[in-house]
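These notes are about the structure you will find just below.
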Amino acid sequence: MRDADLQLATIGWRLSVANAALCDRLEPGLGLQLHTLDQFDSASRDAAKTHFGFATPVAIEGVIADGPAARAGLRQDDSLVRVGPVAIATLTGKQGTTQRLVAAQRAIAALAPDQPIEVEAIRAGAPIKATVQPLPACRTRFELRLSSDYNASADGTMVQISSQFLEAYTPEQVAGAVAHEFSHNILHHRDRLEARGVDFGMLSGFGANVKYFRQTETQADLLSVYLLANAGYPPQASVAFWKRFGPSKAGGIFRSRSHPHWRDRIATLEAEIAKVETISARPAIPGLIAERSQPLDGNWQAILVRAR
């Protein structure tokens, strides 16, 4: 579980830090993957406390290699006491939920994105202190959902993907899927869809909803190419993902109504990749960024490239 969480955290870290210039909502990038004792069910909570050495309710599950926290000397299984002004003991949450974890993540995300942060923790029963110099990062939480299905979503503040993606796809292809969902948050799609009064869920594939959802899906595909390139991933990873995912898993009557056909998505991605490859500067910033404060107009056909 730790390895899987850290794999997703590393992808999220690379995308968030490399694309900070594209984001208008920033957080201090510490390079930490946190977890809480609360999130374990009652049957495994005592074993988890022993295995991970929880001395406080929130601890470090893993550190990003060569990230700010790692350079400051923080390690996995350090139990957090305080992160800057955020006192872990003051955070609350119900057992069997991630409420306390989310509260910790949100409180830390609200700190200055580029100022040193003093961290107090407990390691093997002894108190330690470290000063972390964060890197500005796009404000989004990345969460792994332990499941055998293939679901990925973004709600404006979080990207969540099923663990099955990590089992079935290469790390670069997973990054392609994560970059797509992350693009929704950067482009404020949830807020802009709500401003249009659209219906979510099963109703997203009917009526006027369709054109707005297809527009956001196509925009997210386009932006994902830039996010991958800026983070040092091969943009073609998104094409490879859709070539594997599309034929068997992108169908269904409701999904096909609200999402463009996977072949058209590949054609759109390939056309945008060709554009990005002509840009030497990094980070490359597409025009979509300047448009994210504008209302959605539903004109998805103007930005979609049809497969031949």
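All values reported here derive from a predicted model rather than from experimental measurement. All values below were derived from every heavy atom in this structure, side-chain atoms included, with hydrogens, water molecules and symmetry-related copies excluded.
Ring centers of His180 and Phe241: at least 6.0 Å apart, outside the cut-off. Taking the six-membered ring for Trp and the full ring otherwise, His259 and Phe213 have centroids separated by 6.0 Å or more.
A 4.5 Å side-chain heavy-atom check between Gln236 and Ile273 finds at least one atom pair inside the cut-off. Taking 4.5 Å as the limit, some side-chain heavy atom of Arg292 sits within range of a side-chain heavy atom of Asp24. Ile186 is not listed as a side-chain neighbour of Thr140, based on a closest heavy-atom distance of 4.5 Å or more. Looking at heavy atoms from C-beta onward, Leu26 lies out of side-chain contact with Arg139 at the 4.5 angstrom threshold. When side chains are defined from C-beta on, Val178 counts as touching Leu15, because their heavy atoms get closer than 4.5 Å. Using a 4.5 Å heavy-atom threshold, the side chains of Trp242 and Leu269 count as touching.
Among all heavy-atom pairs drawn from Ala72 and Ala130, the shortest one is O-CB, 3.7 Å. In terms of heavy atoms, Asp114 sits closest to Pro136 at CB-CG, 4.1 Å.
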With side-chain contact (heavy atoms from CB on, under 4.5 Å) as the criterion, how do Val119 and Val81 come out once you've worked through the C-alpha distance, each side chain's angles and the decisive distance to 0.1 Å? CA-CA 8 Å; Val119 177; Val81 175; over 6 Å; no
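Screening Arg190, Arg192, Glu217 for a side chain to side chain donor-acceptor pair (under 3.5 Å) involving His184 leaves a single residue, Glu217.
Under the 4.0 Å criterion applied to side-chain N and carboxylate O atoms, Asp38 and Arg45 are not assigned as salt-bridge partners. A salt bridge is absent between Asp77 and Lys49; no separation between the charged side-chain nitrogens and carboxylate oxygens falls under 4.0 Å.
Classified by interplanar angle (parallel below 30°, tilted 30° to 60°, perpendicular above 60°), the ring pair Tyr150/Tyr169 is perpendicular. Note: His35 and Phe54 have tilted aromatic rings, judged against thresholds of 30 and 60 degrees for the angle between ring planes.
Using a 4.5 Å cut-off between side-chain heavy atoms of Ile, Leu, Val, Met, Phe, Trp and Tyr, with links allowed through other members, Phe245 and Leu144 fall into the same hydrophobic cluster.
Around atom CZ of Arg75, no more than 12 heavy atoms belonging to other residues, nucleotides or ligands sit under 6.0 Å away.
The backbone N or O of Leu227 sits less than 3.5 Å from a side-chain atom of Asn19, completing a donor-acceptor pair.
In the model, Asn151 has a side-chain atom that pairs as donor or acceptor with a side-chain atom of Asp149 under 3.5 Å.
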